[in-house]
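Worksheet: the structure to be examined is printed underneath.
These numbers come from the heavy atoms of this one structure, side chains and all, not from hydrogens, waters or symmetry mates.
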Amino acid sequence: MELESNHATEILNSLNEHRKTTKDFCDFTIIAGGKHFPVHKCVIGSISEYFKKMFTTKMKESYLNEGSIKEISGPTMASIINFIYTSCIILTHDNVYDVLEAADYLRITTKIPDNFPRNGKWKYIPPMNTGRSGLTAVVLNNEIYAIGGRGRSNHFSSVEKYNLDMKTWIDVPSMNEERFGGSACVVDGLIWVFGGVGAKTVEFYDPATNQWQVSTNMDRERQFPCVLSI
């Protein structure tokens, strides 16, 4: 007997409906921002390394039926839990950083959508090695570079690239400076990165030497600037 391909989705949707209404089969309650969120340990522990560790080690929450997370607000936690159960999430200018930082804190695997014009549909590719918000990205030599950004409490100088043929992320040497909200473009086979929050510096990456070099500073600090090559 072969089950329909959407069988697992239907089960998860049913559990989500129970969670929001009757609370049937819910065996744990997350408390965030003064709000209570009944959940199923097996569901949230299967996608969040944070919760998996909580439920499978000797942390006190492993034998309690509730736990508080002070680092995440109620609305943000609601969005995260909804994503866990449905794979859907609404990101806006107001919540995107909080949601991405919460996902990083809870160690939820982040997926980057990739559009394939052949069928007009979005498809997921493997997650980055490091969860990032406020990064900049460029394409060079059939590879996607994810540059800088920030985590929950720090800015990144690190860089990684996605090889479209190998379908894997590879770490690249870090920039000379941490950059959150910088911008980048490709000129003559070099990746140029400009500014960022609190930065007016400029540097470029040469894939031939696999090194970053500092260039001349801009006249003023620029965050999330728009840059282009012509």
Any idea which heavy atoms bring [X] and [Y] closest together, and the distance?
X      : Y      : value
Ala32  : Met77  : CB-CB, 3.9 Å
Met128 : Leu135 : SD-CD1, 4.4 Å
Thr76  : Ala102 : CG2-CB, 3.6 Å
Ile108 : Ile80  : CD1-CG2, 3.5 Å
Val227 : Ala184 : CG2-O, 3.5 Å
Asn163 : Met166 : OD1-N, 2.7 Å

Verify whether one side chain among Ser158 and Arg132 offers a donor that lies under 3.5 Å from an acceptor in the other.
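A donor-acceptor contact under 3.5 Å links the two side chains.
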
Less than 4.5 Å apart, any side-chain heavy atom of [X] and any of [Y]?
X      : Y      : result
Cys26  : His40  : yes
Phe194 : Arg222 : no
Val139 : Val186 : no

With sequence neighbours excluded, residues passing side-chain contact (heavy atoms from CB on, under 4.5 Å) with Thr22
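With neighbours one apart ignored, the set is His18, Asp24.
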
[X] side chain to [Y] main-chain N or O, any donor-acceptor pair under 3.5 Å?
X      : Y      : result
Glu160 : Asn129 : yes
Asn210 : Pro173 : no
Arg179 : Gly195 : yes
Trp169 : Pro126 : yes
Ser229 : Cys185 : no
Lys41  : Val39  : no
Asp165 : Asn142 : no
Asn141 : Glu143 : no
Glu71  : Tyr105 : no

Establish whether [X] and [Y] are linked, either directly or via other cluster members, by ILVMFWY side-chain heavy-atom contacts under 4.5 Å.
X      : Y      : value
Met218 : Val193 : no
Phe156 : Val202 : no
Ile72  : Phe83  : yes
Trp192 : Val138 : no
Ile89  : Phe37  : yes

What distance separates [X] [atom1] from [Y] [atom2], expressed to the nearest 0.5 Å?
X      : Y      : atom1 : atom2 : answer
Ile69  : Ile30  : CD1   : CD1   : 5.5 Å
Ile147 : Met175 : CD1   : CE    : 6.5 Å
Asn16  : Ile11  : CG    : CD1   : 13.5 Å
Ile44  : Phe55  : CD1   : CZ    : 4.0 Å
Ile84  : Leu106 : CD1   : CG    : 7.0 Å
Gln213 : Asn176 : CD    : CG    : 9.0 Å

Residue Lys23 excluded, over 12 heavy atoms near NZ under 6.0 Å
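Counting other residues, nucleotides and ligands, NZ of Lys23 exceeds 12 neighbours.
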
Asp188, CG: over 12 other non-hydrogen atoms inside 6.0 angstrom:
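It does not: Asp188 CG has 12 such atoms or fewer within range.
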
Is the centre of the Phe180 ring less than 6.0 Å from the centre of the Phe224 ring?
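Here the rings of Phe224 and Phe180 have centres that are less than 6.0 Å from each other.
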
Are the aromatic ring centres of Phe51 and Phe28 under 6.0 angstrom apart?
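That pair fails the under 6.0 Å test.
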
Check the pair Arg220 / Lys200 against side-chain contact (heavy atoms from CB on, under 4.5 Å), numbers first and verdict last.
CA-CA 5 Å; Arg220 65 190 67 183; Lys200 60 181 179 180; 5.7 Å; no

For the side-chain contact (heavy atoms from CB on, under 4.5 Å) test, which of Leu190, Val159, Val172 pairs with Tyr205?
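That would be Val172; it is the only one of Leu190, Val159, Val172 passing the side-chain contact (heavy atoms from CB on, under 4.5 Å) with Tyr205.
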
Would you call Arg150 and Glu178 a salt bridge, taking side-chain N to carboxylate O under 4.0 Å as the test?
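Answer for the salt bridge query: no.
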
